[in-house]
Amino acid sequence: MSWEPVIGLEVHARLLTQTKIFCGCSTAFGAPPNTHVCPVCLGYPGALPVLNRKAVDLAMRVALATGCEIHPQSVFARKNYFYPDLPKGYQISQFDRPLATNGSVEIGGKTIRIHRIHMEEDAGKLLHDAAVTRVDLNRAGTPLVEIVSEPDIRSSEEAAAYFSRLRQILMFVDACDGNMEEGSLRCDANVSVHRSGEPLGTRTEVKNVNSFRYVARAIEHEIERQISVLESGGAIVQETRLYDPAADETRPMRSKEEAHDYRYFPEPDLLTLEVDEAWVGSVRAVLPPLPSARSKRYQSEWNIPAIDADAIVATRELAEYFEATAEASGQPRLAANWVRNEVLRVLNDRRIDLSDYVVTPEMLAKLIGLVESGAIGGKSAKEVFEEMSTTGDAPALIVERRGLAQISDPSAIRVAAERVLEANRVQAEQYRAGKAQVFGFLVGQLMKETRGKAKADLANEILRELLDRA
Ligand code: ADP
Ligand code: MG
Ligand code: ZN
């Protein structure tokens, strides 16, 4: 029987507050080292923490968005350990009474259960140079949520899908900016293998898997390593391993610490966190719709195919862009096509963010309107779209400047069609004598005569009518 991988992820997400979790220092990323610090986050003796209400709001958003139960009371605890980036000698976290438990996230039809979500503070950062290591405590005290999954994940692909779905949800509810380069979202993977039907195997925890590419690769490697240890008769030791992207391998970092190693105890300087129904209700009230709900609405209300709807809700910005276009144009299905195919392509090709894109939903809606009213043809619309994506000019202006307006006046097309039949009498006779293929040639001549601007269905209809009449 083959080995089955079992994976549980612990994801740390930095909450999007202006200030730190227990003091008023700024959380802005990238400031000169040790400029966003104060006695509280530097761990001076006697300095007292005060909980940032906004951090709790955001943590609750995450809990609600993942279907967790929020506990009316939760308790901050000291997690004691020594490290140079942790001046207090302990991290304020939550231990046996976390903010929320029992949620879930869907990935492609499968449910991954969330065991718990708790709040904690981030540590500082060590900066290693050739000769010295420096410490920057700007990050110390930044609010985090840790989202701990149940061991429900069964492959590296599922792990990456779960991580990316979490990121999407966090960003949709504006709880985290999802910026992995800046460390706003970090992931540790717990990995074990067993024969299915048998008890779970011993797990290792792989640290430092902070990109989607690395999550999958690091886990894949760890699975293979464990299988080969077990197949050669060895045993897996519970330990913490570090993924090294350069060497593309995991290496032992330290033996796995147990909860009792940290001497957790309730933080005496903070009160029990009490969250009443009214507070939860006020957070729920401002929770933006989630990607899954939005996608379902596009499908049921607007008849948009699931595959398009899911692609459009990739980010909240794109979803909102699409919704604005759909509403302004009154043509949700066409709007979906434009956004999914053309807008995404341009953003991709030019490597720009939607926020830097010159075409607003209103402009795109106008373009859709021009096609719908027959003012321009489909091919011209693509041309106008390219140009407006570069210049930011209004579609009507581009249509006029380039002379792309479509001829949808039947009498104008009729005049042109008569000229074409006059100039191509031989072919017209052949058609009338039963050679149907000549029709295509005559349509081509008519399009040439009108420089491609005759409305295609009208051109066909009028030409046929003239040919059949004589
Ligand atoms: P700890 O507090 O020691 O990190 P937890 O019980 O909180 O341990 O589990 C941490 C993570 O490990 C969770 O995401 C959980 O799903 C995962 N996990 C638990 N047991 C296993 C296992 N046998 N194989 C893989 N992952 C596991
Ligand atoms: Mg852990
Ligand atoms: Zn501070």
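Counting starts at 1 for both ligands and their atoms, in listed order. Just so it is clear, the model here is predicted, and its values are computed rather than measured.
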Can you figure out which of Gly8, Pro199, Ser149 has its heavy atom closest to atom 13 (C) of ligand 1?
->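 Residue with the shortest heavy-atom distance to the ligand atom: Ser149.
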Pick, from Arg203, Glu10, His115, the option with the minimum heavy-atom distance to atom 9 (O) of ligand 1.
->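 Considering heavy atoms of Arg203, Glu10, His115, the nearest to atom 9 (O) of ligand 1 sits in Arg203.
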Got a salt bridge between [X] and [Y], using NZ or NE/NH1/NH2 to carboxylate O under 4.0 Å?
X      : Y      : answer
Glu205 : Lys207 : yes
Glu106 : Arg165 : no
Lys79  : Glu120 : no

In this structure, which one of Arg186, Lys20, His12 forms a side-chain hydrogen bond (donor to acceptor under 3.5 Å, both in side chains) with Asp122?
-> Arg186
Ligand 1 N/O within reach of [X] N/O, cut-off under 3.5 Å:
X      : result
Glu205 : no
Ile7   : no
Leu200 : no

Atoms of ligand 1 less than 4.0 Å from [X] heavy atoms?
X      : answer
Val6   : 24 (N), 25 (C)
Ser192 : 22 (C), 23 (N), 24 (N), 25 (C)
Gly201 : 23 (N)
Val148 : 13 (C), 14 (O)
Glu150 : 16 (O)

Sorted by chain and residue number, which protein N/O/S atoms are under 2.8 Å from the Zn ion (ligand 3)?
-> Cys23 SG, Cys25 SG, Cys38 SG, Cys41 SG
Take Asp152 and Lys110 through the salt bridge (Lys or Arg N to Asp or Glu O under 4.0 Å) test and state the conclusion after the steps.
-> CA-CA 10 Å; Asp152 288 347; Lys110 174 170 175 172; over 6 Å; no
Got a sec: does the CZ of Arg263 have more than 12 other heavy atoms crowding it under 6.0 Å?
-> no
Can you label the angle between the Tyr357 ring and the Tyr321 ring as parallel, tilted or perpendicular, going by 30° and 60°?
->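 Tilted: the ring planes of Tyr357 and Tyr321 meet at 30° to 60°.
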Could you tell me whether the side chain of Thr325 and the main chain of Ala335 form a donor-acceptor pair under 3.5 Å?
-> no
Could you tell me whether a side-chain N or O of Gln94 sits under 3.5 Å from a main-chain N or O of Met119, the two making a donor and an acceptor?
-> yes
Taking heavy atoms and a distance under 4.0 Å, where does Leu9 meet ligand 1: side chain, backbone, both or neither?
->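 Looking at Leu9 and ligand 1, just backbone atoms fall under 4.0 Å.
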In terms of side-chain heavy atoms, does Tyr264 have a donor or acceptor partner in Asn80 at a distance below 3.5 Å?
-> no
So, Glu157 versus Ser155: side-chain donor-acceptor pair below 3.5 Å or not?
-> yes
